[in-house]
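Working notes, structure below.
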Amino acid sequence: MTATNTSTMGRLLRVDLSSSTFSELLLPSEIPAAYLGGKGIGAKLLWDLVPEGADPLGPDNVLMFLAGPLTATTAPAMRACVVTKSPLTHTFLDSYFGGYFGPEIKYAGYDGIVLSGRSPEPVYLLIDHRGPSLQPAGELCGSGALESAKQIKARHNDPDIKVASIGPAGENGVLYALICCETNRQAGRGGAGAVMGAKNLKAIALKGNQLVGLSDRKAFLRAVSTANREISESEDCRVLMGAGTASAVEFANATGLIPARNFMDGTSKLAAKLGDHGQKQKLWLSRAACFGCPIGCSQMGAVRTGKYKSFITDIVEYETAAMLGTNLEIGDPRAVAHLNKLCDELGIDTISAGACLSFAFEAAEKGIIPTDGLTLSFGNADAAAALIERIARQEGELGALLAMGVKRAAGRIGPDAEAIALHVKGLEMPAWGPRGTPGMGLAYMTADRGACHQRGFPAGHEATGSEWNGKPVEALALEGKAAMLMSMQDYLAGTDCLVKCDFGAMGVSADTYARMLNAATGLNVEASFFDRLGERVWNTTRLFNLREGMRTADEKLPRRFVKEPLPSGPHKGHRITEADMKYLLQDYYAVRGWDETGRPTPETLARTGVLTEPYVMLTDDY
Amino acid sequence: MPVLIAILKKTAKNLSHWETVDSMEKSRLKKRINTFFDRCTGCSLCRAACSLHMFGGFNPNKAMIRVESRWENLVHLPVVCRHCDNPLCLRVCPVSAITRDERTGAVVIDREKCIACGLCSRFCPLEMIHADPETGAAYKCDLCGGDPACVQMCPYGALEYATGDPAEKGES
């Protein structure tokens, strides 16, 4: 067997689950030329393949697992992503995962897997050296996400098979169900697991025998050495090597960004217990890394003592420590690790779960939600665990209500509940309260998948006053924030086509990404390529979202951040007013080249090179 | 009885046992890959580097080195070819395709001679022979000719290329 002279496989596997048929999706060269891989290809294919207004949980929606040109190579810290139409937001969803499943897509011979339709029976997709096949999954139904992966490996007697699976929550249509991508890693946000469950697809199991080649091996290995050096010299990366994202807990508390009690406050006394120091004491034992990563941000551990003993746990990531910890007023890292594990096994996103639980706790304080016999109150870890189980199984009135996410749940209850539902466009808030960082507020208002901190993170500069374009960033200033955010969004979207990990990107420079990409594929791009690519992708997802009915009136922050001043922390007393939001948004639309209603102008679409025409897909039937 | 002694000595030299003792003494001078599971994170860069060396492209499933993950990734155990003093793979090969490279001490497979019978794979207790799932052809670690790519690539110090066993040098 010989390797190809490029790191892309040149084909995608198309699976029609309704008819149990496979075909190869060969993209016309214009598409990879304009969109590269990962997020970009996902944005274009979603635009082309999903009929306008399609039900996200219906057979017409497509679920895509997409690698990028550097996935599965030794370029440090690369990932893959899931792209689909979100059942939570009804708009574009991209959800990223590290670990070992992403590279295996390419070892199986594909740049991506595109699934549509709905299988008449529960199945899992198996791809090995014999090719793709659908296997009966009836016996796996109701099993946990990690448990299902274990069972599939045992069934095929091969521990090296890589599995992406859903838990009961995905099977039951919980709108923020996740896809578990091997131990410790999930495509967590936006409900991709519910889309998978609606397709009657319990899992995808991969064991590939194909080689991922390189265009210029020597140049590639030189560029990888540079990238590794940049990572080892990066202070941010070094912090992640030592303490992973748990290192952010005490930082977010000191800067007033951490959620407490359903985002009522921005500081919490529990931060010290839930941060890296607390976790190191109670949980951590060793380190683990995703494929090809020299950072190794996972601190592996075990709950050895106390009420919840004993189980293995990954690091409690910042988002989880905050959303299921400080946000619920639960301060024992072992209890939070327990809730985390429940979410992982049942298959729900810990961020949205945390927001739904804190919503329920606050609503119960106000007496506006059914409690179904539970004592819903902040700090009650038992109630939190019981609620997670009920949500995943859509059990009882409360479980079914919260399984819809805070936007829909609040909509059912009424305006009092809507006032305490923390989401943007239906996606629950992640764990960075923006009242002292208006740029971050704008990032939530405009992120293409709803409230997301990973499409641009101005808070990093706003909270620290670090420099952007040679000038220290003023936290509370409004001016210039839109331009800064656009620049971040474009670069991240561009490098999400590789598919890069956000943590690797804290060290690796744009120039080095370009060198690795060129040497791997034979392209000839410069550092600025990613900004232009990202802008094209951002306009493409925008078109999709507008087509699917996203209203620019919904580009706003939850009421709490607008009406209630922050009670504590360095930005105590601050909020993001209606006038602030209006200024930020109009400035943003202007710098993006969008009209006053947030629609890309024809000039902008032409300038950025968005491929608006659907391309005829060439397929080879198996 | 000098003649008898001479005959005995000559016979003994032909016995594999004596050969083994002889090669054990030699092998202590050769470098091998030592593993440190307490430093391994399971990142599999070693395996990717190995597949690039052996096949010219990346695929850790085709690597000569294995990383066993236990307890939901709490622990990772790298397993490498020991280039044994008494290599069963070499001894069972029916066509003498497996030999010891005198320069590096590596036990290597001659790709031209291999008939893909699978015997070497069956008799390696560490399961270090890689059989291609499509062709059945056998591959194994060749120490990259004396500069193992896996050791170079490991960012965590979980692999070293050194003389003797770490235990013998008083390391843990």
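A, B, ... follow the sequence lines: proteins, then strands. Residue 1 opens every chain. These numbers come from a predicted model, not from an experiment.
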Look up atom NE2 in A/His129 and atom OG1 in B/Thr135, then write down how far apart they are to the nearest 0.5 Å.
10.0 Å

I need the B/Met153 CE to A/Ser225 OG distance, nearest 0.5 Å.
7.5 Å

Check: B/Tyr156 side chain, A/Gly296 main-chain N or O, donor-acceptor pair, under 3.5 Å:
yes

Please check if the side chain of B/Asn59 supplies one atom and the backbone of A/Gly208 the other of a donor-acceptor pair under 3.5 Å.
yes

Non-hydrogen side-chain atoms of [X] and [Y] separated by less than 4.5 Å:
X        : Y        : result
B/Phe58  : A/Pro103 : no
B/Glu72  : A/Lys341 : yes
B/Leu74  : A/Leu285 : yes
A/Leu211 : B/Leu52  : no

Where do B/Ala48 and A/Phe291 come nearest, in terms of heavy atoms and distance?
CB-CZ, 4.0 Å

For A/Cys293 and B/Cys43, which heavy atoms make the closest approach, and how far apart are they?
O-CB, 3.7 Å

Check the surroundings of atom [atom1] in [X]: do more than 12 heavy atoms from other residues, nucleotides or ligands lie under 6.0 Å from it?
X        : atom1 : value
A/Arg304 : CZ    : yes
A/Lys153 : NZ    : yes
A/Arg155 : CZ    : yes
A/Glu235 : CD    : no
B/Phe37  : CZ    : no

Proximal component of [X], with respect to chain B [non-hydrogen, under 4.5 Å]:
X        : result
A/Ile295 : backbone
A/Phe311 : neither
A/Ala72  : backbone
A/Arg217 : side chain

Under 4.5 Å to a heavy atom of chain A? For B/Cys40 that would be backbone

Would you say the side chains of A/Asn209 and B/Glu134 form a donor-acceptor pair under 3.5 Å?
yes

Can a side-chain donor-acceptor contact be found between B/Asn61 and A/Glu104 if the only test is distance below 3.5 angstrom?
yes

Top contributor to chain A contacts, counting heavy-atom pairs under 4.5 Å, from B/Cys46, B/Gly57, B/Cys154, B/Ala137:
B/Gly57

Using a cut-off of under 4.5 Å for heavy-atom pairs, which of [options] has the most such pairs with chain B?
options                      : result
A/Pro294, A/Gly213, A/Ala302 : A/Pro294
A/Glu182, A/Lys106, A/Lys207 : A/Lys207
A/Asp160, A/Asp314, A/Thr73  : A/Thr73
A/Leu146, A/Asn184, A/Val212 : A/Val212

